[in-house]
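Since the model is a prediction, treat every value here as computed from it, not as a measurement. Throughout, protein chains are lettered first and strands after them, A, B, ... in sequence-line order, and every chain is numbered starting at 1.
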Number of protein chains: 2
Amino acid sequence: MNRFLSHATNRIDAKGRVSVPSPFRAVLAALDIRELYCFQDFLYPAISAGGPELLERFEKQIAEADPFSPEANEMSLLIHGGGVFMKLDAEGRLTVTDFIRDFTGITDEVTFVGRADHFQLWSPTAFIETQEAARCARRLRGLAAP
Amino acid sequence: MNRFLSHATNRIDAKGRVSVPSPFRAVLAALDIRELYCFQDFLYPAISAGGPELLERFEKQIAEADPFSPEANEMSLLIHGGGVFMKLDAEGRLTVTDFIRDFTGITDEVTFVGRADHFQLWSPTAFIETQEAARCARRLRGLAAP
DNA sequence: TTGACGCCCATATGGTCCCATGGTATCCCA
DNA sequence: TGGGATACCATGGGACCATATGGGCGTCAA
């Protein structure tokens, strides 16, 4: 099962570091991902993180469009200007930079959320609220759980 | 990963200088770029900066079109009239000239934004607004995160 | 002369590397 | 089955180093 599943909340220490949950690190190791491509999610106030092939997939999308089109420019602004490579330290932690804080509203705790081929960093409160809102929307549309 | 990624905001000092973020300087060194070609971006209120081959690429584009066409004329007006070469000082800083200030609205802080093969100088507020607008446009077009 | 720009050095902050600790779940053996 | 030992994991902190930033001169040109 080499995919990111479940969610967990960890504390940020005085130096601004937070441990990536061990199950996620196991998936990273299994997929041989040594450097994380992190970008500001297009939809939610969350940072999405995955392997470098995530970025390559985006860049392919740009290359297929006209490179000088406003759409391509817009896309690059998001995935290049809004993305960064990060590395975990020896203990499997990553530092929560202003790049992450400003976009997510994270202050002293991080909720890690599995999303199959990538995972996300959320502010704990924002995650609960957004998840609840998503459940509501689904109910309203009459889509019950299986 | 020799491309410009992420964004960071640095302060302009009393002499009008600002430090180029260290990751960007590392990319410049890796690509052996010693002189920066800076030009006013075609789309956004930002200054784009990259190696001299950026200018050469533009000039090639002009050469391929009819040199006397209105398009070629217009292009030259932008990339030659709106471009300039700049150098970093020993500490990796560049001076924010009126050329940059007038076009971008930068006053006391600069947001550096990576764009893969070049990077940009933005007014911090303008960058946040434009990026947010780009995300909105993407949502409206119905393109969700991966 | 004065202001802009080059080159030099100083410094505090913040990030990185390394090692330590406490708590918890798991395992093993009596 | 119970209790101790053990391995793993989240967390804490110290030392060191890179970086952003501030400022002093000297030079050159307006």
Derivation and outcome, side chain to side chain contact (heavy atoms under 4.5 Å, CB included), residues B/I12 and B/I106: CA-CA 10 Å; B/I12 298 176; B/I106 287 169; 3.7 Å; yes

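Aromatic ring centres of A/F58 and A/F39 lie closer together than 6.0 Å.
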Could you give the side-chain donor-acceptor pairs of residues 71-87 of chain B under 3.5 Å, partners two or more places apart or in another chain?
unit_1	atom_1	unit_2	atom_2	d
B/S76	OG	B/H80	ND1	2.9
B/H80	NE2	B/E59	OE2	2.9

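Scanning for ring-ring contact (aromatic ring centres under 6.0 Å, His included) contacts around A/F127 gives A/H7, A/W122, with sequence neighbours left out.
A distance of 8.5 Å separates NE2 in B/H118 from CZ in B/R57, rounded to the nearest 0.5 Å.
Of the residues in residues 106-122 of chain B, not one comes within less than 4.0 Å of DNA chain D through any heavy atom. Contacts with DNA chain D (heavy atom under 4.0 Å) in residues 84-104 of chain A: A/E91, A/R93, listed by number.
A/T111 and A/S123 get closest at one heavy-atom pair: OG1-C, 4.5 Å.
Counting only N and O atoms by type, the side chains of B/N10 and B/S19 include no donor and acceptor under 3.5 Å apart. B/T9 and B/E109 share no side-chain donor-acceptor pair at under 3.5 Å.
B/R17 comes within contact range of at least one nucleobase, with a heavy-atom separation under 4.0 Å.
Remark: B/F103 CZ is packed, more than 12 non-hydrogen atoms of other residues, nucleotides or ligands lying under 6.0 Å away. Within 6.0 Å of CZ on A/R34 lie no more than 12 heavy atoms contributed by other residues, nucleotides or ligands.
Contact of the A/V27 side chain with the A/L5 side chain is not registered, since no non-hydrogen atoms from C-beta on lie closer than 4.5 Å.
Atom CZ of A/R25 is separated from atom P of D/dC9 by 6 Å (rounded to the nearest Å). A straight line from CD1 of B/I12 to P of D/dT21 spans 10 Å, rounded to a whole angstrom.
Chain B approaches DNA chain C within less than 4.0 angstrom (heavy atoms of the protein), and the contacting nucleotides run 5' to 3' from C/dG6 to C/dC9.
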Can you build the contact string for nucleotides 25-30 of chain D? Use B for base contact, S for sugar-phosphate-only contact, and - for no protein heavy atom under 4.0 Å. B-----

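Residue B/S22 has no polar side-chain atom (N or O) positioned under 4.0 Å from OP1 or OP2 of D/dA18.
Without hydrogens or angle criteria, A/R115 side chain to A/Q120 main chain gives no donor-acceptor distance under 3.5 Å.
Ring planes of A/F119 and A/F24: tilted class, angle from 30 to 60°.
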